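Since the model is a prediction, treat every value here as computed from it, not as a measurement. Throughout, residue positions are numbered sequentially from 1 according to the sequence presented. Whatever order the structure lists them in is the order used to number ligands and atoms, beginning at 1.
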Amino acid sequence: MTVYKALTIAGSDSGGGAGIQADLKTFQELGVFGMSAITAVTAQNTLGVQGVYPLSAEAVAAQIESVAVDLGVDALKTGMLFSADIIRTVAEQVKKHGWERLVVDPVMIAKGGAPLLQEEAVAALKEALLPLAFVITPNIPEAEVLTGIAIRTMDDRREAARLLHRMGARYVVIKGGHDDDGEETVDLLYNGSEFSYFKSKRIDTRHTHGTGCTFAAAVAAELAKGRHPVDAVGTAKSFVQAAISHSLGIGQGHGPTNHWAYRQYGE
Ligand SMILES: Nc1ncnc2c1ncn2[C@@H]1O[C@H](COP(=O)(O)OP(=O)(O)O)[C@@H](O)[C@H]1O
Ligand SMILES: Cc1ncc(COP(=O)(O)OP(=O)(O)O)c(N)n1
(Lines give C-alpha, C1' and ligand atoms only; values in the text may rest on other atoms or scores of the structure.)
(Ligands and ions follow the chains in the order given, each with its own letter.)
Protein backbone atom coordinates (compact mmCIF):
# COMPACT_ATOMS: atom_id res chain seq x y z
CA MET A 1 0.00 0.00 0.00
CA THR A 2 1.31 3.46 -0.84
CA VAL A 3 0.99 5.86 2.06
CA TYR A 4 0.71 9.47 0.91
CA LYS A 5 2.03 12.02 3.41
CA ALA A 6 1.18 15.69 3.83
CA LEU A 7 2.66 18.26 6.20
CA THR A 8 0.83 21.28 7.55
CA ILE A 9 2.79 24.25 8.89
CA ALA A 10 0.22 26.35 10.73
CA GLY A 11 -1.20 27.56 14.01
CA SER A 12 -3.15 25.51 16.52
CA ASP A 13 -6.85 26.36 17.01
CA SER A 14 -7.90 25.04 20.42
CA GLY A 15 -11.53 25.06 19.21
CA GLY A 16 -10.65 22.48 16.54
CA GLY A 17 -12.35 24.17 13.56
CA ALA A 18 -9.42 25.86 11.83
CA GLY A 19 -5.62 25.73 11.78
CA ILE A 20 -3.63 22.54 12.37
CA GLN A 21 -6.69 20.71 13.68
CA ALA A 22 -8.75 21.37 10.52
CA ASP A 23 -5.80 20.44 8.33
CA LEU A 24 -5.10 17.10 10.03
CA LYS A 25 -8.80 16.17 10.02
CA THR A 26 -8.99 16.97 6.31
CA PHE A 27 -5.84 14.98 5.48
CA GLN A 28 -7.22 12.00 7.39
CA GLU A 29 -10.62 12.18 5.70
CA LEU A 30 -8.98 12.23 2.29
CA GLY A 31 -6.83 9.19 3.07
CA VAL A 32 -3.51 10.98 3.54
CA PHE A 33 -1.17 10.64 6.53
CA GLY A 34 -0.99 14.03 8.22
CA MET A 35 2.04 15.60 9.92
CA SER A 36 2.41 19.02 11.51
CA ALA A 37 4.77 21.84 12.40
CA ILE A 38 3.07 24.28 14.77
CA THR A 39 3.89 27.98 14.36
CA ALA A 40 1.73 29.39 17.14
CA VAL A 41 -0.77 28.23 19.71
CA THR A 42 -4.03 30.14 19.76
CA ALA A 43 -6.62 30.11 22.51
CA GLN A 44 -9.66 30.17 20.26
CA ASN A 45 -13.27 29.05 20.07
CA THR A 46 -16.35 29.79 17.96
CA LEU A 47 -16.65 33.23 19.61
CA GLY A 48 -13.18 34.44 18.59
CA VAL A 49 -9.49 34.39 19.39
CA GLN A 50 -8.70 34.94 23.06
CA GLY A 51 -4.89 34.62 22.83
CA VAL A 52 -1.99 34.10 20.42
CA TYR A 53 1.26 32.48 21.61
CA PRO A 54 3.82 32.22 18.80
CA LEU A 55 6.67 29.69 18.79
CA SER A 56 10.21 30.66 17.85
CA ALA A 57 11.35 30.27 14.24
CA GLU A 58 13.89 27.77 15.59
CA ALA A 59 11.13 25.57 17.05
CA VAL A 60 9.28 25.66 13.72
CA ALA A 61 12.42 24.70 11.78
CA ALA A 62 13.13 21.82 14.19
CA GLN A 63 9.65 20.34 13.68
CA ILE A 64 9.92 20.55 9.89
CA GLU A 65 13.41 19.06 9.94
CA SER A 66 12.26 16.12 12.10
CA VAL A 67 9.51 15.27 9.64
CA ALA A 68 11.71 15.77 6.57
CA VAL A 69 14.64 13.59 7.62
CA ASP A 70 12.52 10.62 8.61
CA LEU A 71 9.01 10.45 7.20
CA GLY A 72 9.21 12.43 3.95
CA VAL A 73 6.65 14.84 2.51
CA ASP A 74 4.58 14.37 -0.68
CA ALA A 75 2.91 17.78 -0.37
CA LEU A 76 2.67 20.51 2.24
CA LYS A 77 0.58 23.52 3.12
CA THR A 78 1.14 26.64 5.14
CA GLY A 79 -1.51 28.47 7.16
CA MET A 80 -1.01 30.94 10.02
CA LEU A 81 2.71 31.83 9.94
CA PHE A 82 2.49 34.89 12.23
CA SER A 83 5.90 36.54 11.75
CA ALA A 84 8.48 37.42 9.08
CA ASP A 85 11.02 35.27 10.92
CA ILE A 86 8.84 32.18 10.72
CA ILE A 87 8.01 32.87 7.06
CA ARG A 88 11.69 33.13 6.11
CA THR A 89 12.49 29.95 8.04
CA VAL A 90 9.70 28.03 6.32
CA ALA A 91 10.86 29.27 2.90
CA GLU A 92 14.42 28.12 3.67
CA GLN A 93 13.16 24.68 4.70
CA VAL A 94 11.04 24.32 1.56
CA LYS A 95 14.06 25.15 -0.60
CA LYS A 96 16.43 22.99 1.42
CA HIS A 97 14.25 19.89 1.02
CA GLY A 98 13.35 20.65 -2.60
CA TRP A 99 9.59 20.47 -1.93
CA GLU A 100 7.54 21.54 -4.93
CA ARG A 101 3.95 20.66 -4.03
CA LEU A 102 3.51 23.60 -1.66
CA VAL A 103 0.08 25.12 -1.00
CA VAL A 104 0.32 28.59 0.54
CA ASP A 105 -2.84 29.73 2.32
CA PRO A 106 -1.86 33.32 3.15
CA VAL A 107 -3.81 33.51 6.43
CA MET A 108 -3.92 37.08 7.76
CA ILE A 109 -6.99 37.69 9.88
CA ALA A 110 -9.47 35.34 11.60
CA LYS A 111 -13.16 35.82 10.75
CA GLY A 112 -13.74 37.60 14.05
CA GLY A 113 -11.05 40.17 13.14
CA ALA A 114 -8.09 38.89 15.20
CA PRO A 115 -4.73 39.33 13.41
CA LEU A 116 -2.93 36.02 12.73
CA LEU A 117 -0.08 37.59 10.74
CA GLN A 118 1.95 40.61 11.85
CA GLU A 119 1.54 43.53 9.43
CA GLU A 120 5.27 43.75 8.78
CA ALA A 121 5.32 40.07 7.76
CA VAL A 122 3.30 40.67 4.56
CA ALA A 123 6.45 41.77 2.72
CA ALA A 124 8.24 38.54 3.71
CA LEU A 125 5.26 36.50 2.56
CA LYS A 126 5.42 38.19 -0.86
CA GLU A 127 9.20 38.04 -1.25
CA ALA A 128 10.15 34.72 0.33
CA LEU A 129 7.19 32.34 0.21
CA LEU A 130 4.88 33.36 -2.63
CA PRO A 131 7.50 32.58 -5.32
CA LEU A 132 7.75 29.01 -3.95
CA ALA A 133 4.00 28.39 -4.03
CA PHE A 134 2.73 25.67 -6.34
CA VAL A 135 -0.80 26.74 -5.39
CA ILE A 136 -1.75 29.89 -3.48
CA THR A 137 -5.26 30.16 -2.01
CA PRO A 138 -6.06 33.69 -0.79
CA ASN A 139 -9.58 34.81 0.03
CA ILE A 140 -10.60 38.16 -1.50
CA PRO A 141 -9.30 40.44 1.32
CA GLU A 142 -5.96 38.55 1.35
CA ALA A 143 -5.65 38.87 -2.44
CA GLU A 144 -6.27 42.62 -2.06
CA VAL A 145 -3.47 42.97 0.52
CA LEU A 146 -1.01 40.91 -1.55
CA THR A 147 -1.70 42.72 -4.83
CA GLY A 148 -2.90 46.19 -3.79
CA ILE A 149 -5.88 45.71 -6.13
CA ALA A 150 -9.34 46.56 -4.77
CA ILE A 151 -11.45 43.56 -5.77
CA ARG A 152 -15.07 44.40 -6.51
CA THR A 153 -15.78 42.43 -9.70
CA MET A 154 -14.72 39.16 -11.34
CA ASP A 155 -12.55 41.24 -13.69
CA ASP A 156 -10.72 42.64 -10.65
CA ARG A 157 -10.25 39.09 -9.37
CA ARG A 158 -8.80 37.97 -12.70
CA GLU A 159 -6.41 40.96 -12.66
CA ALA A 160 -5.30 40.08 -9.10
CA ALA A 161 -4.80 36.43 -10.10
CA ARG A 162 -2.60 37.46 -13.07
CA LEU A 163 -0.49 39.60 -10.74
CA LEU A 164 -0.12 36.83 -8.13
CA HIS A 165 1.01 34.51 -10.92
CA ARG A 166 3.58 37.08 -12.06
CA MET A 167 4.76 37.31 -8.43
CA GLY A 168 5.68 33.61 -8.66
CA ALA A 169 2.77 31.34 -7.71
CA ARG A 170 2.25 28.61 -10.33
CA TYR A 171 -1.51 28.18 -9.72
CA VAL A 172 -3.60 30.92 -8.15
CA VAL A 173 -6.97 30.27 -6.51
CA ILE A 174 -8.89 33.34 -5.33
CA LYS A 175 -11.72 31.97 -3.22
CA GLY A 176 -15.16 33.54 -3.37
CA GLY A 177 -16.54 33.06 0.13
CA HIS A 178 -16.32 36.81 0.85
CA ASP A 179 -18.16 37.81 -2.34
CA ASP A 180 -21.66 37.54 -0.96
CA ASP A 181 -23.43 38.71 -4.14
CA GLY A 182 -25.62 36.06 -5.66
CA GLU A 183 -26.67 32.50 -5.05
CA GLU A 184 -23.31 30.87 -5.72
CA THR A 185 -19.80 30.91 -4.30
CA VAL A 186 -17.26 30.94 -7.12
CA ASP A 187 -13.58 30.07 -6.61
CA LEU A 188 -11.40 31.22 -9.48
CA LEU A 189 -8.29 29.29 -10.59
CA TYR A 190 -5.60 30.74 -12.87
CA ASN A 191 -2.77 28.63 -14.29
CA GLY A 192 -0.88 31.41 -16.06
CA SER A 193 -2.82 31.15 -19.30
CA GLU A 194 -6.45 30.33 -18.55
CA PHE A 195 -9.08 30.65 -15.87
CA SER A 196 -11.31 27.93 -14.42
CA TYR A 197 -14.29 28.54 -12.15
CA PHE A 198 -15.46 26.24 -9.35
CA LYS A 199 -19.02 27.04 -8.39
CA SER A 200 -21.36 25.80 -5.70
CA LYS A 201 -24.60 26.90 -4.08
CA ARG A 202 -23.95 29.53 -1.40
CA ILE A 203 -25.09 28.12 1.95
CA ASP A 204 -26.74 30.61 4.26
CA THR A 205 -25.02 29.80 7.57
CA ARG A 206 -22.77 31.37 10.19
CA HIS A 207 -20.94 28.05 10.67
CA THR A 208 -18.03 28.67 8.33
CA HIS A 209 -15.15 28.79 10.79
CA GLY A 210 -12.09 27.20 9.21
CA THR A 211 -13.37 26.92 5.63
CA GLY A 212 -10.18 28.44 4.19
CA CYS A 213 -7.88 26.08 6.13
CA THR A 214 -10.03 23.09 5.20
CA PHE A 215 -10.05 24.04 1.52
CA ALA A 216 -6.25 24.49 1.32
CA ALA A 217 -5.63 21.27 3.28
CA ALA A 218 -7.85 19.34 0.86
CA VAL A 219 -5.86 20.76 -2.08
CA ALA A 220 -2.61 19.65 -0.39
CA ALA A 221 -4.00 16.17 0.36
CA GLU A 222 -4.96 15.66 -3.27
CA LEU A 223 -1.59 16.98 -4.47
CA ALA A 224 0.11 14.52 -2.10
CA LYS A 225 -1.65 11.72 -4.02
CA GLY A 226 -0.13 13.10 -7.22
CA ARG A 227 -3.31 14.64 -8.58
CA HIS A 228 -3.30 17.57 -10.98
CA PRO A 229 -3.92 20.96 -9.28
CA VAL A 230 -7.14 21.52 -11.24
CA ASP A 231 -8.55 18.20 -9.99
CA ALA A 232 -7.23 18.89 -6.49
CA VAL A 233 -9.10 22.22 -6.39
CA GLY A 234 -12.28 20.52 -7.67
CA THR A 235 -12.16 17.95 -4.86
CA ALA A 236 -11.37 20.67 -2.29
CA LYS A 237 -14.41 22.68 -3.38
CA SER A 238 -16.67 19.60 -3.03
CA PHE A 239 -15.09 18.70 0.33
CA VAL A 240 -15.70 22.15 1.79
CA GLN A 241 -19.22 22.34 0.35
CA ALA A 242 -20.14 19.08 2.12
CA ALA A 243 -18.43 20.28 5.32
CA ILE A 244 -20.48 23.53 5.34
CA SER A 245 -23.77 21.88 4.23
CA HIS A 246 -23.62 19.42 7.14
CA SER A 247 -22.08 21.72 9.74
CA LEU A 248 -22.37 20.58 13.33
CA GLY A 249 -24.06 23.53 15.04
CA ILE A 250 -21.70 23.44 18.02
CA GLY A 251 -20.41 26.43 19.98
CA GLN A 252 -22.14 29.77 20.57
CA GLY A 253 -20.62 31.71 17.67
CA HIS A 254 -19.25 30.91 14.21
CA GLY A 255 -19.16 27.14 14.47
CA PRO A 256 -16.81 24.73 12.73
CA THR A 257 -17.61 22.81 9.59
CA ASN A 258 -18.10 19.05 9.48
CA HIS A 259 -14.90 17.39 8.35
CA TRP A 260 -16.43 13.92 7.99
CA ALA A 261 -19.38 15.06 5.85
CA TYR A 262 -17.67 14.47 2.48
CA ARG A 263 -16.94 10.85 3.43
CA GLN A 264 -20.34 10.28 5.03
CA TYR A 265 -22.66 12.12 2.62
CA GLY A 266 -20.56 12.75 -0.49
CA GLU A 267 -20.71 16.12 -2.24
N1 LIG B 1 -21.48 30.32 2.57
C2 LIG B 1 -20.77 29.50 1.80
N3 LIG B 1 -21.38 28.56 1.04
C4 LIG B 1 -20.66 27.72 0.25
N5 LIG B 1 -19.31 27.77 0.17
C6 LIG B 1 -18.64 28.68 0.90
C7 LIG B 1 -19.32 29.60 1.75
N8 LIG B 1 -18.40 30.39 2.36
C9 LIG B 1 -17.19 29.97 1.91
N10 LIG B 1 -17.33 28.96 1.01
C11 LIG B 1 -16.25 28.22 0.36
O12 LIG B 1 -15.30 27.91 1.37
C13 LIG B 1 -13.97 28.07 0.88
C14 LIG B 1 -13.24 29.14 1.68
O15 LIG B 1 -13.68 30.39 1.23
P16 LIG B 1 -13.45 31.83 1.85
O17 LIG B 1 -14.52 32.10 2.86
O18 LIG B 1 -13.36 32.77 0.70
O19 LIG B 1 -12.03 31.69 2.56
P20 LIG B 1 -11.52 31.99 4.05
O21 LIG B 1 -12.17 30.96 4.94
O22 LIG B 1 -10.03 31.83 3.89
O23 LIG B 1 -11.94 33.38 4.38
C24 LIG B 1 -14.13 28.38 -0.61
O25 LIG B 1 -14.10 27.18 -1.34
C26 LIG B 1 -15.51 29.04 -0.69
O27 LIG B 1 -16.09 28.93 -1.97
C1 LIG C 1 -4.86 28.91 14.05
C2 LIG C 1 -5.73 29.48 12.98
N3 LIG C 1 -5.31 29.42 11.70
C4 LIG C 1 -6.08 29.94 10.72
C5 LIG C 1 -7.28 30.54 11.01
C6 LIG C 1 -8.10 31.14 9.92
O7 LIG C 1 -8.81 30.14 9.35
P8 LIG C 1 -9.85 30.29 8.16
O9 LIG C 1 -9.97 28.97 7.53
O10 LIG C 1 -9.47 31.44 7.30
O11 LIG C 1 -11.15 30.51 8.97
P12 LIG C 1 -11.75 31.74 9.69
O13 LIG C 1 -10.92 32.27 10.79
O14 LIG C 1 -11.91 32.71 8.58
O15 LIG C 1 -13.01 31.19 10.22
C16 LIG C 1 -7.69 30.57 12.34
N17 LIG C 1 -8.87 31.13 12.70
N18 LIG C 1 -6.89 30.05 13.31
Side-chain angles (χ1 to χ4, degrees), residues 8-26 36-55 77-82 86 103-117 135-145 151 157 173-189 197-219 232-247 251 253-257 259 261-262 267:
T8 169
I9 305 171
S12 164
D13 167 8
S14 52
I20 288 279
Q21 288 80 358
D23 297 346
L24 292 177
K25 290 173 194 178
T26 303
S36 64
I38 296 181
T39 56
V41 172
T42 71
Q44 189 174 173
N45 56 26
T46 67
L47 298 171
V49 178
Q50 291 83 40
V52 173
Y53 308 92
L55 269 71
K77 74 148 284 224
T78 62
M80 172 188 182
L81 294 176
F82 189 70
I86 293 179
V103 179
V104 175
D105 183 18
V107 170
M108 294 181 187
I109 296 174
K111 276 210 176 72
L116 302 177
L117 181 74
V135 182
I136 188 167
T137 62
N139 61 26
I140 289 173
E142 290 158 355
E144 292 184 320
V145 170
I151 301 178
R157 244 206 273 182
V173 180
I174 304 185
K175 300 168 295 188
H178 292 248
D179 174 8
D180 47 19
D181 267 6
E183 310 265 288
E184 292 182 319
T185 53
V186 183
D187 297 346
L188 170 156
L189 170 67
Y197 303 89
F198 296 83
K199 300 180 182 179
S200 66
K201 184 175 171 301
R202 172 173 292 281
I203 300 156
D204 184 16
T205 174
R206 65 192 161 98
H207 300 308
T208 56
H209 175 54
T211 48
C213 302
T214 301
F215 177 86
V219 174
V233 170
T235 299
K237 179 70 173 149
S238 302
F239 188 95
V240 96
Q241 184 74 11
I244 301 170
S245 298
H246 301 278
S247 65
H254 293 283
T257 67
H259 288 93
Y262 182 73
E267 293 176 26

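- Protein heavy atom in closest approach to atom 14 (O) of ligand 2: Lys111 CG, 2.7 Å.
- Residues Ala218 and Thr26 approach most closely at N-CG2, 3.5 Å, considering heavy atoms.
- In terms of polar-atom proximity, Thr211 is counted as a contact of ligand 1, with an N or O under 3.5 Å from an N or O of the ligand.
- Counting heavy atoms only, Thr185 comes closest to atom 5 (N) of ligand 1 of the residues Thr185, Thr257, Val107, Leu188.
- With hydrogens left out, the protein atom closest to atom 18 (O) of ligand 1 is Gly177 N, 2.9 Å, a heavy atom.
- For the pair Thr39 (side chain) and Met80 (backbone), a donor-acceptor distance under 3.5 Å is present.
- The shortest N or O to N or O distance between Asp105 and ligand 1 is not under 3.5 Å.
- The protein non-hydrogen atom at the shortest distance from atom 4 (C) of ligand 1 is Gln241 OE1, 3.5 Å.
- Considering all non-hydrogen atoms of both residues, Pro54 and Val52 come closest at CD-O, 3.6 Å.
- Expressed to the nearest 0.5 Å, how far CG of Asp13 lies from OG1 of Thr46 amounts to 10.0 Å.
- Partners of Thr185 under the side-chain hydrogen bond (donor to acceptor under 3.5 Å, both in side chains) rule, at least two apart in sequence or in another chain, are Ser200, Lys237.
- We find the NZ-OG1 distance between Lys25 and Thr257 to be 8.5 Å, quoted to the nearest 0.5 Å.
- Any N or O atom pair closer than 3.5 Å counts here, and Glu142 shares no such pair with ligand 1.
- Checked against a 3.5 angstrom limit, the closest N/O atoms of Gly212 and ligand 1 fall inside it.
- The contact set between ligand 1 and Asp187, taken as ligand atoms under 4.0 Å from a residue heavy atom, comprises 24 (C), 25 (O), 26 (C), 27 (O).
- With atom 5 (C) of ligand 2 as the reference point, the heavy atom nearest to it among Leu81, Leu117, Thr214, Leu116 is part of Leu116.
- Close approach to Gly212 involves these atoms of ligand 2, each under 4.0 Å from a residue heavy atom: 9 (O).
- Between Ile86 and Leu55, the shortest heavy-atom contact is CD1-O, 3.5 Å.
- For ligand 1, the polar-atom distance check finds no N/O of Ile244 at less than 3.5 Å from any of the ligand's N/O atoms.
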Check the pair Thr214 / His259 against side chain to side chain donor-acceptor pair (under 3.5 Å), numbers first and verdict last. CA-CA 8 Å; Thr214 301; His259 288 93; 2.9 Å; yes
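- Distance alone, capped at 3.5 Å, is enough to place a donor-acceptor pair between the Lys111 side chain and the Thr208 backbone.
- Taking atom 9 (O) of ligand 2 as the reference point, the nearest protein heavy-atom neighbour is Cys213 N, 2.8 Å.
- Looking at atom 11 (C) of ligand 1, its nearest protein heavy atom turns out to be Val240 CG1, 3.9 Å.
- Here Asp187 does not pair with Lys199 in a salt bridge; the nearest charged N to carboxylate O distance is not below 4.0 Å.
- Close contacts of ligand 1 with Phe215, meaning ligand atoms under 4.0 Å from a residue heavy atom, involve 25 (O).
- Nearest to atom 3 (N) of ligand 1 by heavy-atom distance, out of Ile203, Ile140, Val186, is Ile203.
- Looking at every heavy atom in both residues, Thr211 comes nearest to Val240 through O-CG2, 3.6 Å.
- Across the listed options Arg206, Lys111, Lys175, His178, Lys175 owns the non-hydrogen atom lying nearest to atom 22 (O) of ligand 1.
- Near Ala110, meaning under 4.0 Å from any of its heavy atoms, are these atoms of ligand 2: 13 (O), 17 (N).
- With respect to atom 11 (O) of ligand 2, the closest heavy atom belonging to the protein is Gly210 N, 3.1 Å.
- Within ligand 2, counting atoms from 1 as listed, the ones closer than 4.0 Å to a heavy atom of Gly11 are 1 (C).
- For atom 17 (N) of ligand 2, the closest non-hydrogen atom of the protein is Gln44 OE1, 2.8 Å.
- Taking both residues in full, the closest heavy atoms of Gln21 and Ser12 are given as NE2-OG, 2.9 Å, listed atom of the first, atom of the second, then distance.
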